[in-house]
Amino acid sequence: MSCRGRGDDGQIAGVEGVIFGVLVFVLGTLVVANAWGVVDAKMAAAGAAREATRAFVESRSPTTSDALAEARSAASDAIAGYGRTPSRMRFVAEEAALQRCARVTIRVEYPVPLVVIPVIGRYGHGFTARARHSEIVDPFRSGLADTNECPAELRP
């Protein structure tokens with residue numbers, strides 16, 4: 001007679017194995033969700049930097065300060081469009097002169113928490129998503145000062 005299937009020999013786990021499996025599943029899900037949060041924040045920052053730079057370059061205002069205000073507003077609107085909080089965004093104008101042929105570079109940074117647990121909230125400062133966008137002010141734009149950066153054939 002064989003005694004197969006009788007006794008506890010070979011028993012790996014019972015309830016504790018199920019609990020451990022659920023814990024691994026939940027932690028794995030949180031890690032994947034946080035990784036997606038970083039990617040999403042990077043896309044939001046890139047969109048905000050692009051829209052801010054475009055708003056600055058295409059501003060109808062002749063002053064740099066007004067164009068910067070428009071750019072900041074455009075970046076806030078873009079961040080809000082991604083479902084993020086505009087007050088957490090950091091707006092940095094690296095190069096911003098409203099002159100013909102001037103290069104304009106704007107950087108947007110957005111903090112990503114270390115852990116986001118639904119219903120409970122956000123904990124820690126894990127990463128900062130950064131994006132930078134650069135454009136050149138139209139060389140034929142009227143009402144702006146000329147710079148020496150414009151090629152001779154583009155100077156009005």
Side-chain angles (χ1 to χ4, degrees), residues 17-156:
V18 173
I19 292 172
F20 182 71
V22 169
L23 181 64
V24 167
F25 175 75
V26 168
L27 290 177
T29 302
L30 288 174
V31 167
V32 169
N34 191 41
W36 176 250
V38 172
V39 170
D40 187 49
K42 177 68 174 176
M43 289 188 307
R50 182 179 56 252
E51 292 303 317
T53 306
R54 184 159 295 151
F56 184 91
V57 169
E58 294 177 357
S59 173
R60 289 292 140 213
S61 173
T63 64
T64 300
S65 60
D66 289 343
L68 273 175
E70 289 179 30
R72 184 180 303 275
S73 176
S76 293
D77 291 346
I79 286 288
Y82 276 92
R84 303 266 174 182
T85 308
S87 62
R88 297 181 65 210
M89 172 191 77
R90 184 165 181 248
F91 178 88
V92 180
E94 293 179 352
E95 296 178 61
L98 197 56
Q99 299 172 332
R100 289 187 193 114
C101 296
R103 178 166 296 280
V104 176
T105 304
I106 294 178
R107 184 177 76 233
V108 172
E109 299 176 355
Y110 196 85
V112 180
L114 187 60
V115 177
V116 178
I117 301 174
V119 180
I120 296 174
R122 307 167 192 266
Y123 291 101
H125 179 73
F127 306 96
T128 299
R130 292 180 181 89
R132 159 184 300 129
H133 188 74
S134 181
E135 288 188 22
I136 295 177
V137 178
D138 185 7
F140 297 110
R141 181 152 167 208
S142 63
L144 297 179
D146 194 13
T147 64
N148 292 331
E149 298 173 10
C150 284
E153 63 272 6
L154 295 181
R155 289 188 190 155

Specify the closest pair of heavy atoms between E109 and T128, including all atoms of both residues, with the distance to one decimal.
-> CB-CG2, 3.9 Å

What closest approach, in Å, do A71 and F56 show between heavy atoms, and which atom pair accounts for it?
-> CB-CB, 4.0 Å

Give the minimum heavy-atom separation between V108 and F91, together with the two atoms involved.
-> CG2-CD1, 4.5 Å

Residue pairs passing the salt bridge (Lys or Arg N to Asp or Glu O under 4.0 Å) test where at least one lies in residues 51-64, sequence neighbours excluded = R54-E135

Which heavy atom in A80 sits nearest to a heavy atom in P86, and how many Å separate them?
-> CB-CG, 3.9 Å

Minimum heavy-atom separation for I79 to A48, with atom names?
-> CG1-CB, 3.7 Å

Would you call E94-R107 a salt bridge at under 4.0 Å N-O?
-> yes

Do V104 and E95 have side-chain heavy atoms sitting under 4.5 Å apart?
-> no

Please identify each residue that fulfils salt bridge (Lys or Arg N to Asp or Glu O under 4.0 Å) with D66, with sequence neighbours left out.
-> none

Under 3.5 Å, is there a donor-acceptor pair between the side chain of Y110 and the main chain of A131?
-> no

Tell me the salt bridge (Lys or Arg N to Asp or Glu O under 4.0 Å) pairs involving residues 28-41, sequence neighbours left out?
-> D40-R84

Quick note, side chain to side chain donor-acceptor pair (under 3.5 Å) partners involving residues 69-82, not counting sequence neighbours, are S59-E70

Under the side chain to side chain donor-acceptor pair (under 3.5 Å) rule, collect the residues that match up with R50, sequence neighbours excluded.
-> none

Please determine, by modelled atom types, if T105 and R132 share a side-chain donor-acceptor pair under 3.5 angstrom.
-> no

Full working for side-chain contact (heavy atoms from CB on, under 4.5 Å) between L23 and I19 | CA-CA 6 Å; L23 181 64; I19 292 172; 5.5 Å; no

What pairs of residues pass the salt bridge (Lys or Arg N to Asp or Glu O under 4.0 Å) test when at least one of them lies in residues 21-31, not counting sequence neighbours?
-> none

Rounded to the nearest 0.5 angstrom, the OG1-CD1 distance for T53 and I106 is 4.0 Å

Tightest non-hydrogen contact, residues A102 and A97, listed as CB-O, 3.5 Å

